[in-house]
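Positions are given from 1 along the sequence.
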Amino acid sequence: DEAIGLPGLHPGLRTVNAWIPLAAMGKQMGTLQYLLGTHRRTYGFLENVLASLWGWEFAWFATASQAQDDILELGDVAWHDGWVLHSAGSNSAGAVRDGFAISYAYCTAADGCNGAAATVSDDDPT
């Protein structure tokens with residue numbers, strides 16, 4: 001969400017992201033990695049202390065478990081919340097990592113995110 005500037009538009013805008021491989025791939029091709037739980041906006045004592053001393057990125061890397069997509073087949077979809085700290089690993093397979101990324105933005109605020117999540121037209125199904 002921060003990478004595309006959504007919090008600047010309205011703090012209630014959120015995203016759900018999908019990454020769809022266009023060919024089978026494993027970890028050696030640099031599948032997505034995630035720091036689990038970093039989408040939360042309430043944290044424990046240890047996380048807050050670490051963040052106050054060295055910043056949130058340090059706190060998350062020190063306390064969050066890491067996960068990585070092992071094997072993705074053609075037709076799989078890797079979903080994640082836009083607030084989850086994530087990255088793609090390095091590609092050491094010697095092949096091109098082809099995929100399609102989609103982000104769906106939605107509003108969680110009662111004010112409708114000041115129109116940022118309004119439908120475009122009556123024909124727009126979103």
Side-chain angles (χ1 to χ4, degrees):
D1 291 356
E2 290 181 16
I4 58 173
L6 288 181
L9 292 174
H10 193 283
L13 284 172
R14 298 283 307 272
T15 59
V16 174
N17 304 293
W19 197 85
I20 305 164
L22 298 178
M25 63 183 64
K27 282 185 177 183
Q28 73 280 4
M29 288 189 78
T31 54
L32 285 175
Q33 303 173 59
Y34 314 91
L35 285 181
L36 304 180
T38 54
H39 65 290
R40 297 177 290 124
R41 289 301 184 245
T42 56
Y43 300 99
F45 176 77
L46 178 60
E47 291 166 313
N48 283 308
V49 168
L50 293 173
S52 69
L53 295 171
W54 296 293
W56 279 109
E57 289 81 8
F58 178 85
W60 289 330
F61 277 99
T63 60
S65 298
Q66 182 178 346
Q68 183 173 1
D69 294 326
D70 288 330
I71 298 172
L72 294 173
E73 299 292 339
L74 182 62
D76 286 347
V77 179
W79 292 95
H80 66 274
D81 184 289
W83 283 354
V84 172
L85 191 57
H86 63 281
S87 67
S90 60
N91 184 350
S92 61
V96 175
R97 177 178 56 208
D98 282 328
F100 188 69
I102 301 170
S103 295
Y104 173 74
Y106 64 98
C107 178
T108 62
D111 69 358
C113 296
N114 296 330
T119 57
V120 176
S121 71
D122 290 336
D123 297 329
D124 182 0
T126 60

Between [X] and [Y], what is the shortest heavy-atom contact and its length?
X    : Y    : value
C107 : G112 : SG-C, 3.5 Å
A51  : A59  : N-CB, 3.7 Å
D81  : H39  : OD1-CB, 3.8 Å
L32  : A78  : CD1-CB, 4.5 Å
A93  : M29  : CB-CG, 3.4 Å
I20  : D76  : CG2-O, 3.7 Å

Can you tell me if [X] uses its side chain to pair, donor with acceptor, with the backbone of [Y] under 3.5 Å?
X   : Y    : result
N91 : V96  : no
S92 : Q28  : yes
R14 : T108 : no

L72 and W19: side chain to side chain contact (heavy atoms under 4.5 Å, CB included), yes or no, with the steps?
CA-CA 10 Å; L72 294 173; W19 197 85; 4.1 Å; yes
Distance in Å, [X] [atom1] paired with [Y] [atom2], rounded so as to fall on 0.5 Å steps:
X   : Y   : atom1 : atom2 : value
L35 : E57 : CG    : CD    : 10.5 Å
M25 : R97 : CE    : CZ    : 7.5 Å
Y34 : Q68 : OH    : CD    : 9.0 Å
L36 : S65 : CG    : OG    : 5.5 Å

Around atom CD1 of I102, are there more than 12 heavy atoms from other residues, nucleotides or ligands closer than 6.0 Å?
yes
F58, CZ atom: more than 12 neighbouring heavy atoms under 6.0 Å:
yes
Starting from [Y], can I reach [X] by hopping between I/L/V/M/F/W/Y residues whose side chains sit under 4.5 Å apart?
X    : Y   : result
W54  : F45 : yes
Y106 : V77 : yes
L46  : L53 : yes

Would you say the side chain of W56 lies within less than 4.5 Å of the side chain of N48, judging by non-hydrogen atoms?
yes
Do Y43 and W60 have side chains that approach each other closer than 4.5 Å (heavy atoms only, starting at C-beta)?
yes
Flag for D111-H10: side-chain donor and acceptor within less than 3.5 Å:
yes
Pick out which of N17, L85, T15, V16 makes a side chain to side chain contact (heavy atoms under 4.5 Å, CB included) with H80.
N17
